[in-house]
**Q** 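First the structure, then my questions, so here it is.
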Amino acid sequence: MTETRTFTDMEQIICTSSRLMNGDKLYFTAIGGPPLVAVLLAKRLHAPALAYIVEDGTIAPQVSLPAPPFLIAASGASYRAASWTDMNTVSFHAGLGYIDYGVLAAVQVDQYGNFNSTFVGPAYERPARRFGGPGGANEIASLCWRTILMTRQQGRKFVKKLDFMSSPGYLDGSPSARERAGLPPDTGPWRVVTETAVFDFDEGTRKIRLQALAPWATVDDVVAEMEFEPLVAPTLENIDVPSEEELAVLRAEVDPTGRTIRGRWITVELEGDSARLVEQEAPAEGA
Amino acid sequence: MTIVAEGTGVFLAPDPDAHRRYIRDHKEKGLVSKVMSEHEAIERFVDDGDYVAYDCNLWVRGPASLMREIIRQKKRELWIAAKFTAHDATMLVAAGCVNRIDVGWMEVGRVITEAQAAGDVQLFEWSNGALAYRLLAGSLGVPFLPLRYLGGTDVFKFSGAKLIEDPYTGQSICLVPALTPDVALVHVNQCDEFGNARIFGAVISPVETAMASKKLILSTEEIVDSDEIRRHPQQTRIPYYAVDAVVHAPFGGYPGTVPGLYKADVEHLMESGVAQMQGKMDEYLEKWVFSVSSHQEMLEQRVGQEKLDTLKAEETIKEGYYE
C-alpha cells in the first residue's frame, strides 16, 4: 500500500523541529517565522502545556487558532499570556537559567553552530545583501541552555566561514570558548534542523554532526549541500515526513496565510517506514 | 580591571554626571501642562545631530506620528537606536534624516543597503537586548552594565562592548556602555496633561527609553484626567517629571497597531514595502508625510474615517488592555 505526500521544505523543517519540543520545558522563540510556527504546532498537537516567551516580554501566551494574519503585529500573539513584561525582563529570565531552549532561524551556519543573520557578501561595508541584524538571537543563543536552529539544507547556508557571526555557537570550538567570551557555561547549540537532516554537536569536538536523515535523502545528498564535511553519527535516526495531521493543522490553523510554510515542493511516495522521492522543486533564488 | 577584548564600534559615550546636571537644569518639576502640537514638540525638542531613541515592537505601539513629523521638519544627522524596529528606520534614512544607526534589528531593504554603500549612513552593531539593556543602564544613572552575551561574536567586534575579567568571580564578563539619548519618543495608551503615562500590553523598553533620555516626547492615544491617574497610581509607568511634551495623537501608532485599540493597516504596510522595493520612497513620503501638514490631516485626507473605523472594529481583543 503506497501513498504519496506533498509538502514544502519549510513544512518539513517546522514539523521536525516541533517534534523536538516537550510540554514540560520553557522555550524562547523568535517573534515570528519558522521558530514561532514550530512552537505553535507543537503546542497544538503533542505538547499543549508547552510554554514559550518572546522578546517583546510576552510570557506563556495562549494564541487562539487559527492564527490571525500578520501575527507579529497582532494582539492575538500575546493573548491570554501568563504575564506581559518587557524585553529586559525576559532576557533576565533567560540569564537566570529559566529557559531550556531557544528556537531561532539562521541565514548561515558554520561547523560550530555559530550563525549569521546580519549580512552576506564580501565585506561589512559592502554587503551583497544586508539583513535585519541579530535581533534577539544573540542573547537567546547565549543565555538559553540549548538552542534549536532552523535553516534550509543549502551549500550557501552551511559555510566554512560565516560572512558575519551575529550569534554564538561554540565559537572557535575550543574547550570553554563560550565561557571565555563571557557566556554562561553548559549552554550552546543543540540541534540544527533542515528539510533533509537533523544535526547535533559532537561532545568532544563541539563540531556539527549529522544525527538524523529524511528517508528520501542520503548522507551524500546532505553533504552535497554543505561547504564543509560534517561528522556523521554511527547510527542515523530516521526523520518522519510531515504527517497528514501535521500538514492539515499547519496549513489551516497555525499558518493559514501560508507566509511562513511556503517553500519548494517535495513529493514522496510512502511505503511503511520508507519514503521514495518522487519529485522536488529546485531551490528558488534568494530563498 | 583587565580588559580582555573590546569592540571597535563608535558609541554615544556615557556621561552620568553631565546627564544629572542636564536633568537638574532643564526638567520641569512642577505640575504644569505639557500638552502641545506634534509640530511644536518636534521643533522644540528634536535638534539636528541628536541621538533619538524610540520605542516600538516592530509595528506595535510605535510613535509613528512623531516620526513622520521629524521627517516633515527635515531634521538632519540624527543617530537612532534601531531596536526591534521595522519600517521607521527605512523612512528616516530615505528622508535623509539619519546618518548613524545602532542596530538591534530593523527592516533592511535597498534604501538602507544603498545608503550604507554610498556612505550616507553608518551602522553600528548591537542586538535588540543589548540596546534595551544599554537604555536600562542609562535609566539607572550608571555608566555601564555587565551582561552575559555579545561576547565572542562579530557583533561584539563591531560594537562598543568590552570584555573584562570580573573582579568578583574572576570570570570573563561583557560590559556595555549606558545609552543616554538626547531625546526619546514613546507612544502611550493614556496620560494626563502633565505626562503621567500608562502603557498596556507587552512592551520592549518604553520606561527605560523614557528615563534614560534627556528629553522625552510622549504621544498618546488619549489624554485622561489627572484624577483618573491618581485613582490607579499603580498603572503609571512614566512619571510626569520625566516628560517634556505630551502630544495628543489618536491613531498615533498608525500604520502600526496599538493592541486593544486598533489593528495594523496591513494594506499600508504593503504599500510602504513596495515603495521601498521599487525605489519609490520619495513618492511614499510625499503622499503620507510632506503633502499633509499634520498627523490629523493625514488621518482625514489619506486614511479616511471608514478605514479608521474598520481598524478599530477589527481589533476585537480588549482583554488585558481596556478591561
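Only a predicted model underlies this, so the values are computations on that prediction, with no experimental measurement involved. Below, chain A is the first sequence line, B the second, and so on; all start at residue 1.
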**Q** Could you tell me whether the side chain of B/D154 reaches within less than 4.5 Å of the side chain of A/N116, counting heavy atoms only?
**A**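 Not touching, per the 4.5 Å side-chain cut-off.
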
**Q** Would you mind checking which part of A/F92 comes under 4.5 Å of any heavy atom in chain B, side chain (CB onward), backbone (N, CA, C, O), both or neither?
**A**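 A/F92 touches chain B through side-chain heavy atoms alone.
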
**Q** Please report the interatomic distance CG(A/N88) to CG(B/L147), rounded to the nearest 0.5 Å.
**A**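 Here the interatomic distance stands at 10.0 Å.
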
**Q** Could you give the distance from OG (B/S205) to CG (A/D56), rounded to the nearest 0.5 Å?
**A**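 Those atoms lie 11.5 Å apart.
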
**Q** Begin from the C-alpha positions of A/E139 and B/Y133 and carry the test side-chain hydrogen bond (donor to acceptor under 3.5 Å, both in side chains) through to its verdict.
**A** CA-CA 11 Å; A/E139 45 269 32; B/Y133 196 63; over 6 Å; no

**Q** Report the option among B/V203, B/V60, B/N57 that has the most heavy-atom pairs separated by less than 4.5 Å from atoms of chain A.
**A**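 Most heavy-atom pairs within the cutoff with chain A belong to B/V203.
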
**Q** Can you tell if the side chain of A/N114 reaches within under 4.5 Å of the side chain of B/T153, non-hydrogen atoms only?
**A**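 No - every pair of side-chain heavy atoms lies 4.5 Å or more apart.
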
**Q** Among the options B/V258, B/V108, B/L136, B/D166, pick out the one with the most heavy-atom pairs lying under 4.5 Å from chain A.
**A**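 Of the options given, most contacts go to B/V108.
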
**Q** Chain A: which of B/E125, B/K263, B/Q116 shares the most heavy-atom pairs with it under 4.5 Å?
**A**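 Of the options given, most contacts go to B/E125.
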
**Q** Tell me, for A/L171 versus chain B, whether the close heavy atoms (under 4.5 Å) come from the side chain, the backbone, both or neither.
**A**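 Contact with chain B is through the side chain of A/L171 alone.
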
**Q** Identify which part of A/Y124 has an atom lying under 4.5 Å from any heavy atom of chain B, answering side chain, backbone, both or neither.
**A**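 Its backbone and side chain both get close to chain B.
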
**Q** Which atoms of B/T113 come close to chain A, meaning under 4.5 Å heavy atom to heavy atom: side chain ones, backbone ones, both, or neither?
**A**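 Just the side chain, heavy atoms under 4.5 Å.
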
**Q** Measure across B/A202 and A/G57 and return the closest heavy-atom pair with its distance rounded to 0.1 Å.
**A**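 Heavy-atom minimum between the residues: CB-C, 4.2 Å.
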
**Q** Test ring-ring contact (aromatic ring centres under 6.0 Å, His included) on A/F131 and B/W105; report intermediate values, then the result.
**A** CA-CA 9 Å; A/F131 299 95; B/W105 192 91; over 10 Å; no

**Q** Relative to chain B, which segment of A/I31 carries a heavy atom at a distance below 4.5 Å: side chain, backbone, both, or neither?
**A**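 For A/I31, the contact with chain B is made by the side chain alone.
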
**Q** At a 4.5 Å cut-off on heavy atoms, which part of A/T58 comes close to chain B: side chain, backbone, both, or neither?
**A**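 Backbone plus side chain of A/T58, per the 4.5 Å heavy-atom cut-off to chain B.
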
**Q** Where on A/R80 is there a heavy atom nearer than 4.5 Å to chain B: the side chain, the backbone, both, or neither?
**A**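 Answer is side chain: those atoms of A/R80 sit under 4.5 Å from chain B.
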
**Q** Please evaluate residues B/S172 and A/E179 with respect to the criterion side-chain hydrogen bond (donor to acceptor under 3.5 Å, both in side chains), reporting the C-alpha separation (whole Å), side-chain torsions for both, the decisive distance (0.1 Å), and the verdict.
**A** CA-CA 7 Å; B/S172 300; A/E179 289 88 329; over 6 Å; no

**Q** Contact between B/V155 and A/P134 at the side-chain level, heavy atoms closer than 4.5 Å - yes or no?
**A**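 Yes, their side chains come closer than 4.5 Å.
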
**Q** Using side-chain heavy atoms (C-beta onward) and a distance below 4.5 Å, is A/S167 in contact with B/Y149?
**A**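 With C-beta onward as the side chain, the pair stays apart.
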
**Q** Is chain A contacted by the side chain of B/E165, its backbone, both, or neither, given a heavy-atom distance below 4.5 Å?
**A**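 Interface part for B/E165: neither.
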
**Q** So among A/P184, A/S142, A/S91, which one has a side-chain contact (heavy atoms from CB on, under 4.5 Å) with B/R148?
**A**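 Per the side-chain contact (heavy atoms from CB on, under 4.5 Å) rule, the option paired with B/R148 is A/P184, out of A/P184, A/S142, A/S91.
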
**Q** Could you measure the distance from the CZ atom of A/R129 to the CZ atom of B/R110? Nearest 0.5 Å is fine.
**A**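 Going from the CZ atom of A/R129 to the CZ atom of B/R110 covers 13.5 Å.
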
**Q** Sort out for me which of B/G256, B/P259, B/C174, B/G151 touches chain A most, counting heavy-atom pairs under 4.5 Å.
**A**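 Of the candidates given, the most pairs with chain A belong to B/G151.
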
**Q** Any heavy-atom pair between the side chains of B/F158 and A/F164 that's under 4.5 Å?
**A**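 Yes, their side chains come closer than 4.5 Å.
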
**Q** Between the main-chain N or O of B/L150 and the side-chain N or O of A/N138, is there a donor-acceptor pair closer than 3.5 Å?
**A**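 Confirmed, A/N138 side chain pairs with B/L150 backbone.
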
**Q** Just so I understand: if I count every heavy-atom pair under 4.5 Å between each of B/G152, B/A89, B/G109, B/A82 and chain A, which residue has the most?
**A**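 Sorted descending by pairs with chain A, the first entry is B/G152.
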
**Q** Specify which of A/G132, A/A94, A/S75 makes the most heavy-atom pairs with chain B at under 4.5 Å.
**A**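 Option with the greatest count: A/G132.
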
**Q** Please look at A/L143 and chain B and tell me whether the side chain, the backbone, both or neither of the residue comes under 4.5 angstrom of a heavy atom of that chain.
**A**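 Just its side chain gets close to chain B.
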
**Q** Is there side-chain contact between A/D86 and B/E208, with heavy atoms separated by less than 4.5 Å?
**A**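 Sidechains of B/E208 and A/D86: in contact.
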
**Q** Looking at A/G135, A/G133, A/A81, which one has more heavy-atom pairs under 4.5 Å with chain B than the rest?
**A**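 If we count pairs closer than 4.5 Å to chain B, A/G135 comes out on top.
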
**Q** Is it the side chain or the backbone of B/L163 that comes within 4.5 Å of chain A heavy atoms, both, or neither?
**A**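 The answer is the side chain of B/L163.
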
**Q** Check whether any side-chain heavy atom of A/R130 sits under 4.5 Å from a side-chain heavy atom of B/L123, and report yes or no.
**A**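 When only atoms from C-beta onward are counted, B/L123 and A/R130 do touch, with a gap below 4.5 Å.
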
**Q** Mind checking the CD-CZ spacing from A/E55 to B/F84? Nearest 0.5 Å is all I need.
**A**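 A/E55 CD to B/F84 CZ: 3.5 Å, rounded to 0.5 Å.
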
**Q** Between B/A130, B/P146, B/G260, B/G201, which shows the greatest number of heavy-atom pairs under 4.5 Å with chain A?
**A**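 Greatest number of close heavy-atom pairs with chain A: B/G201.
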
**Q** Against chain A, label B/E107 side chain, backbone, both or neither, depending on which of its atoms sit under 4.5 Å from a heavy atom there.
**A**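 Neither; nothing under 4.5 Å.
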
**Q** Is the gap between the ring centers of A/W84 and B/F200 under 6.0 Å?
**A**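 No, ring centres 6.0 Å or more apart.
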
**Q** Given heavy-atom pairs under 4.5 angstrom as the criterion, report whether the side chain, backbone, both or neither of A/S117 touches chain B.
**A**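 The answer is neither part of A/S117.
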
**Q** How about NZ on B/K318, more than 12 heavy atoms from neighbouring residues, nucleotides or ligands closer than 6.0 Å, or not?
**A**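 Yes.
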
